Participant: 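Structure in structure tokens, see below.
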Amino acid sequence: MPSVSAQPPGLISQFKPLVTYGRRALVLVWQTSPALTIALGLLTLVAGLLPASIAYVGKWLVDSVVAAIQDDGPTRAVWFWLSIEAVLVAAMAAVQTGLNICNSLLRAQLGQRVNVMILEKAQQFELAQLEDAEFYDRLTRARREASSRPLSLVQKTFGVIQNGIAILSFSGLLFAFSPWAVLLLVAGGLPAFFAEAKFAGQAFRLFRWRSPETREMMYLESVLAREDYTKEVKLFGLAPRLLDRYKSIFRKIFREDRALTIRRGWWAFGLGMVGTVALYAAFAWVVLATVAGQLSLGEMTMYMMVFKQGQSAVSASLTSINGMYEDHLYLTSLYEFLEQPVRTTVGSVARGEQPGTGLEITDLSFRYPGSDALALDGINLALKPGSSLALVGENGSGKTTLTKLIAGLYELEQGDIKLDGTSLRDWNPRALQDRIGVIFQDFARYQWLVGHNIGAGDVRSFDSEEHWRQAAKKGLADDFISDLPAGYQTQLGRWFKDGRELSGGQWQKIALARAFMRSKADILILDEPTAAMDAKAEAEVFQHFQAMASEQILILISHRFSTVRQADRIAVMDAGRIIELGSHEDLMTLNGHYARLFELQAAAYR
Ligand code: ADP
């Protein structure tokens, strides 16, 4: 995994990447909104120039007042400078308001943009990647601060520019007093800056190391607060245990945070004092020069103001630079995520070389990423259109894995699966998906309208009520849907107002209907699609499927032999291999594994 340098940056290395950070921030805002970028740029320039102008006008104001005192009575010059000063201060307030407005507008747009970038990228990954814990961490990290960090980097970049302009214009004024004064101004802020830089790096490292713990906390939160877990959490009395774990992780994280926060605070205070000493040394210097008659009273006021504000500008820009470092580290993890390679070898074939030949699986073996054991081990199987196959075997024998590979959810490793004579590796993923209708055991229960839950099976007909109805009829769902209060427009799930809950069997019918949305699909995969139905209903569903599927390939996973026996062929799986293959009659005659299991289940019904 590419790692972000966690070393606190030195002086040179601190300033060099600034250009990179700044450029990245500017590109991001520019892409988000060119108009806002221009507005921000102009306002920043003006906001940078105004403070020195105000100080300069202040000098003329004080000197004109002193002159007026000596001449007895206010003169026009006093009123003139006073009005100019008032106008400048008002302008400063207006510019600040403008900057705030720009930032608020940018916040919404930038957060949305980055979130969309992350979500779009997440769609490009393979299932295998999404199931990987480290990958998931990266995704979580990227999402967690997507709406705050990029904006913060942009704000700080403009902040540094604004303060930079201010410091330059202050230095211009100070230079007339003494070049050493300029040096004193800048040097006073440096110690605090280095302390900040050191701690910013440490804080980020903590944040990164902690990903697994944070992930566990988020997981516990969802188990404790999500409706689909509450039943078990309550019944088993899990809550106190889970809450304890949740609290103890927090305590650990907090201990580390507290230590860092306290250390950071005291260092900031101590080194900040250096700045205060520098400031008062400068004041003393200016006062002495005034007493000695080298400076007018107006100049003294100006220099004092310039010192005070200049020092604030120095420390503000240095703090911003450190913050930029932290934000930049975040953006680095974001880009690390966005630049993560996706499967590049996407096939382009939309039609097989030998249409009508069906599925052909040769020497197929598969291992899940990060796992030692083979989930599939040397599978050979041919499936002609119009035939059905039932997969049976113990849990973990590889049945679901085989169907997931056929559905193209994982990249093939060893061996091959051909559809119509062409390897799945060469098929265009979209074209392949059109050919396959799947229902998995853990099918999704979307909290949408009933119709959309069915329409999800084919995005092109997502909104088409006519297609929903056809699919629902095939999936045997039409009857109960018609009895719902708003029919296909009924809202499902509790997240939304008036949402209805369905029974397990009803959900399964919805899932069946969803699989039928792909009217062109000629491979239907049913992974225990009817577990929540009774045996009779399941047998009916399967007969119904077989009757419809004269040109289709039907693959069924079931533990019910009353259904399984109806399939043309049955494959018995064990530890990733097919150990028996044939029709019900063949396998009964063979009197092996299948026959034993069948007898066992039949005996239970007698
Ligand atoms: P079945 O459908 O026959 O119950 P599976 O195909 O689900 O079996 O599982 C086959 C093997 O692969 C099991 O040993 C299981 O632990 C493993 N396995 C299944 N899914 C994953 C996954 N997403 N990641 C890693 N291993 C998995």
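First listed ligand is number 1; within each ligand, the first listed atom is number 1. Predicted model, so just to flag it, every value in this text is computed and none were measured.
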Participant: Would you mind finding which of Y410, Y368, F366 brings a heavy atom closest to atom 18 (N) of ligand 1?
Facilitator: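 Answer by nearest heavy atom: Y368.
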Participant: Is it true that R245 and E216 have a side-chain N and a carboxylate O under 4.0 angstrom from each other?
Facilitator: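 Yes.
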Participant: Where do P355 and G352 come nearest, in terms of heavy atoms and distance?
Facilitator: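 Heavy atoms only, the tightest pair is CD-O, 3.7 Å.
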Participant: Provide the number and element of each atom of ligand 1 under 4.0 Å from a heavy atom of N395.
Facilitator: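 So the answer, numbered in order with elements, is 4 (O).
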Participant: Which option out of P369, G370, G396, A375 puts a heavy atom nearest to atom 14 (O) of ligand 1?
Facilitator: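 It is G396 that holds the nearest heavy atom.
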Participant: Before accepting this row, confirm whether a basic side-chain N of the pair D522/R435 lies closer than 4.0 Å to the acidic partner's carboxylate O.
Facilitator: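 Looking at D522 and R435, the cut-off is met.
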Participant: From atom 2 (O) of ligand 1, work out which of D527, T400, L376 has a heavy atom at the shortest distance.
Facilitator: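 Ranked by closest heavy atom to atom 2 (O) of ligand 1, first place is T400.
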Participant: State if S371 counts as touching ligand 1 under the rule of any non-hydrogen atom under 4.0 Å.
Facilitator: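 Per 4.0 Å heavy-atom rule, S371 does not contact ligand 1.
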Participant: Heavy atom of S397 under 4.0 Å from ligand 1?
Facilitator: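 S397: in contact with ligand 1 (<4.0 Å).
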Participant: Give the contacting part of E394 toward ligand 1: side chain, backbone, both or neither, where contact means a heavy-atom distance below 4.0 Å.
Facilitator: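 Backbone only; the side chain of E394 stays clear of ligand 1.
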Participant: Mind checking whether H584 and Y594 have parallel, tilted or perpendicular rings, split at 30° and 60°?
Facilitator: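 Rings of H584 and Y594: perpendicular, over 60°.
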Participant: Counting each atom of ligand 1 from 1 as listed, which ones have a heavy atom of T401 under 4.0 Å away?
Facilitator: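 Taking each heavy atom of T401 in turn, ligand 1 has 5 (P), 6 (O), 9 (O), 10 (C) under 4.0 Å.
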Participant: Have T401 and Y410 got a donor and an acceptor in their side chains that come within less than 3.5 Å?
Facilitator: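 No.
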Participant: Only one of L389, L587, L391 forms a side chain to side chain contact (heavy atoms under 4.5 Å, CB included) with I570, so which one is it?
Facilitator: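 Between I570 and the candidates, side chain to side chain contact (heavy atoms under 4.5 Å, CB included) is satisfied uniquely by L587.
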